[in-house]
Structure formats: C-alpha cells, structure tokens
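To keep things clear, I will list the structure first and then write my remarks on it.
Proteins come first, then strands; the chains are lettered A, B, ... in the order of their sequence lines, and each starts at number 1.
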Amino acid sequence: MQQPKKQKQIQTEKPRTVGKQYSFFEDVYDVVRQIPIGRVTSFGAIANFLGTKLSARMVGWAMNGAHNVNPPVPAQRVVNRNGMLSGKAHFSTPTKMEELLAKEKVQVKNDRVVDFEKLFWDPAKELEI
DNA sequence: GCATTGACGAAGG
DNA sequence: CCCTTCGCCAATG
C-alpha cells in the first residue's frame, strides 16, 4: 500500500480531508461559490468572514488555486476592496474576467466594477453562517 | 533558515 | 485619484 506522506501542500485539485482539517482555501472557495450572480465581494470581506481579515492576502493566495478546484470557483466575482479586477491577469485571458462579469450584468469600467458598493456582497452580513 | 513575492487592506502623503 | 509604507501569513527561491 502506498502511504502518502503528509505533505503540507496546497491541494488545489482535491483538497480532500487529509485527516480532518479542511484547507483554508476550501473555506474561501465555499464562500465564493455562494456569491449570488450579479454580485461581487472583496478579499477583505471573505477574510473577515473567515476571521482572518488581517490576512486578506491569504484569500487571494487561495484563489490562486481556484482554477483547479471542482466545482469551479467564480473568482471573477471576487475583487479587491476598491472594486478593481485585481485578478483579471490570472484568468485565461486578461479580458476573461470582464467578460464573465459582463454576462452577469456586472459593468466594468477601467478595470473597476461599476456601482461596486451596490453589487457588493458581504458574506458576514448576507450569508451569516 | 532567511529573503522575496503575492488575485489585499488600511493609513499617510 | 495616485503612490508609498506597513502588516499579515503562506509559498517559493
């Protein structure tokens, strides 16, 4: 039998319960997947919801593997606190993010979400798990 | 093991 | 509005 070493590595493909602990990334993905269509949220909001608001970077870091998780994570709905499409460069194409948002009736102007405040979706308030 | 980087946030200029 | 500095934590070199 093969005994997989307990490597502390990002299971971006399958963050299965390696023992029990769910990856921090999974929490992020789970929240992002619950973002309603046509709405957006920020890294800080997710981080704050997870209790790591001081580590908003980790949220973005988690999103780094969002392209390999299943089901896919609508990362296009996650922008920075300024409503800017900070992650557009990480998509298949630099314009993919805008296109995806455009399909959800989210207008993007100059790499920034229009009416970001209106479309903002705070999991800590709306979701409230 | 230390230094740098990073899809961020807040504060200051 | 733009840019810079600091903080925060994990991954990478």
Please give, in whole Å, the distance from [N] [atom2] to [X] [atom1]?
{"X": "F120(A)", "N": "dC8(B)", "atom1": "CZ", "atom2": "P", "answer": "15 Å"}
{"X": "W61(A)", "N": "dA7(B)", "atom1": "CH2", "atom2": "P", "answer": "7 Å"}
{"X": "F24(A)", "N": "dA10(C)", "atom1": "CZ", "atom2": "P", "answer": "9 Å"}
{"X": "R112(A)", "N": "dC8(B)", "atom1": "CZ", "atom2": "P", "answer": "14 Å"}
{"X": "F43(A)", "N": "dC8(B)", "atom1": "CZ", "atom2": "C1'", "answer": "7 Å"}
{"X": "E98(A)", "N": "dA7(B)", "atom1": "CD", "atom2": "P", "answer": "17 Å"}
{"X": "Y29(A)", "N": "dA7(B)", "atom1": "OH", "atom2": "C1'", "answer": "12 Å"}
{"X": "F25(A)", "N": "dA10(C)", "atom1": "CZ", "atom2": "P", "answer": "9 Å"}

Measuring from [X]:[atom1] to [Y]:[atom2], what's the distance to the nearest 0.5 Å?
{"X": "M58(A)", "Y": "F25(A)", "atom1": "CE", "atom2": "CZ", "result": "8.0 Å"}
{"X": "T41(A)", "Y": "D122(A)", "atom1": "OG1", "atom2": "CG", "result": "6.0 Å"}
{"X": "L50(A)", "Y": "D30(A)", "atom1": "CG", "atom2": "CG", "result": "9.5 Å"}
{"X": "L85(A)", "Y": "T95(A)", "atom1": "CG", "atom2": "OG1", "result": "11.0 Å"}
{"X": "Y29(A)", "Y": "M63(A)", "atom1": "OH", "atom2": "CE", "result": "7.5 Å"}

**Message:** Assess the residue pair I46(A) and V78(A) against the criterion (side chain to side chain contact (heavy atoms under 4.5 Å, CB included)); give the C-alpha distance rounded to whole Å, side-chain angles, the decisive distance to 0.1 Å, and a yes or no.
**Reply:** CA-CA 9 Å; I46(A) 298 172; V78(A) 183; 4.1 Å; yes
**Of the listed nucleotides dC2(C), dA10(B), dA7(B), the one nearest the side chain of F91(A)** = dA7(B)
**side-chain hydrogen bond (donor to acceptor under 3.5 Å, both in side chains) pairs, two or more places apart, involving residues 77-92 of chain A** = R77(A)-E104(A), K88(A)-D111(A)
**Complete:** Contact check, residues 99-107 of chain A vs DNA chain B, heavy-atom distance under 4.0 Å, returns none
**Asked** Between the side chain of S42(A) and the main-chain N/O of A45(A), is any donor-acceptor distance below 3.5 Å?
**Response** yes
Check: protein-nucleotides 6-9 of chain C nitrogen or oxygen pairs below 3.5 Å:
unit_1: dG7(C); atom_1: O6; unit_2: R57(A); atom_2: NH1; d: 3.4
unit_1: dG7(C); atom_1: O6; unit_2: R57(A); atom_2: NH2; d: 3.1
unit_1: dC8(C); atom_1: O4'; unit_2: L54(A); atom_2: O; d: 3.4
unit_1: dC8(C); atom_1: N3; unit_2: R57(A); atom_2: NH1; d: 2.7
unit_1: dC8(C); atom_1: N4; unit_2: R57(A); atom_2: NH1; d: 2.7

**Message:** side chain to side chain contact (heavy atoms under 4.5 Å, CB included), that's the test. Do R33(A) and V73(A) meet it? Break it down for me.
**Reply:** CA-CA 6 Å; R33(A) 282 191 213 116; V73(A) 177; 4.0 Å; yes
**Asked** With a non-hydrogen cut-off below 4.0 angstrom, is A75(A) in contact with a base, only sugar-phosphate, or nothing?
**Response** base
